[in-house]
Amino acid sequence: ARTGAIVPVDGAEPLLDTTLPAAAGAGIHRVRLSDLGVRLKSGEEYQWTIAVPRKEGSRLKDAVASGRVRVQPPRARIDGFAEHAQAGYWYDAVAQLRDQLERQPGDSALRAAQQSLLEQVGLAEVVRIDAR
């Protein structure tokens, strides 16, 4: 089972350390913290981790992804994924873009924008997997 954790960088107790629902397959999957009863504090920095175990009996290590996020409210109203990206709110930009892709899955301009956002952080391979 996939596990997920969110820990404040200052070393406080984890806000979340749980088993996540099984993924439907390879690609990009959303984890809504609000669905898990987690609310991040403004101005705080957090380390998130997702671990996916390999097949039982495999000698390979679990696949682990992690990153950091700082919660910072925007100084002005920001609309759309492009404005979020330009302002440096990468996670918000990706979330808004994914919402639009769910409504318009065949939109090539949205797919190109997603590829650009993911390439910015070295995740070009994820785009290729998700596009299948």
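Predicted model, so just to flag it, every value in this text is computed and none were measured.
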CD (Gln104) and CZ (Arg111) are apart, to the nearest 0.5 Å, by 11.0 Å
So, for Asp99 and Arg32, which heavy atoms are closest and what is the spacing to 0.1 Å?
-> OD1-NH2, 4.2 Å
For Leu15 against Arg39, the heavy-atom pair lying closest together | CD1-O, 4.3 Å
Under the 3.5 angstrom rule, does the side chain of Tyr46 hit a backbone N or O of Lys41 as a donor-acceptor pair?
-> yes
Is the count of non-hydrogen atoms from other residues, nucleotides or ligands lying under 6.0 Å from Glu102 atom CD greater than 12?
-> yes
Taking 4.0 angstrom as the limit, do Arg68 and Glu45 come out as a salt bridge?
-> yes
Write down the atom of Val64, the atom of Ala51, and the distance for their closest heavy-atom approach.
-> CG2-CB, 4.1 Å
Donor-acceptor pair, side chain of Trp90 and main chain of Leu117, under 3.5 angstrom = yes
Hphob cluster co-occupancy, Leu40 + Val7, side-chain heavy atoms under 4.5 angstrom = no
Can you check side chain to side chain contact (heavy atoms under 4.5 Å, CB included) on Leu36 and Val31, steps first, answer last?
-> CA-CA 9 Å; Leu36 300 170; Val31 176; 3.8 Å; yes
Can you tell me if Glu83 uses its side chain to pair, donor with acceptor, with the backbone of Ile78 under 3.5 Å?
-> no
Does Val121 belong to the same Ile/Leu/Val/Met/Phe/Trp/Tyr cluster as Tyr89, with side-chain heavy atoms less than 4.5 Å apart forming each link?
-> no
Give, for atom CZ of Arg98 and atom NE2 of His29, the distance between the pair rounded to the nearest 0.5 Å.
-> 9.0 Å
In this structure, CD1 of Ile28 is separated from CG of Leu123 (nearest 0.5 Å) by 8.5 Å
Got a second to check how far Asp17's CG is from Ile6's CD1, nearest 0.5 Å?
-> 10.5 Å
Distance in Å, His84 NE2 paired with Leu97 CG, rounded so as to fall on 0.5 Å steps = 12.0 Å
Minimum heavy-atom distance Val9-Gln47, with the two atoms named | CG2-N, 4.0 Å
Closest non-hydrogen atom pair, Ala113 against Phe81 = CB-CE1, 3.5 Å
Donor-acceptor contact below 3.5 Å, side chain Arg2 vs main chain Thr19 = no
Heavy atoms of Gln100 and Leu110 approach each other most closely as OE1-CD2, 3.3 Å
Got a sec: does the CZ of Arg30 have more than 12 other heavy atoms crowding it under 6.0 Å?
-> yes
Could you give the distance from CD (Gln115) to OG (Ser108), rounded to the nearest 0.5 Å?
-> 11.5 Å
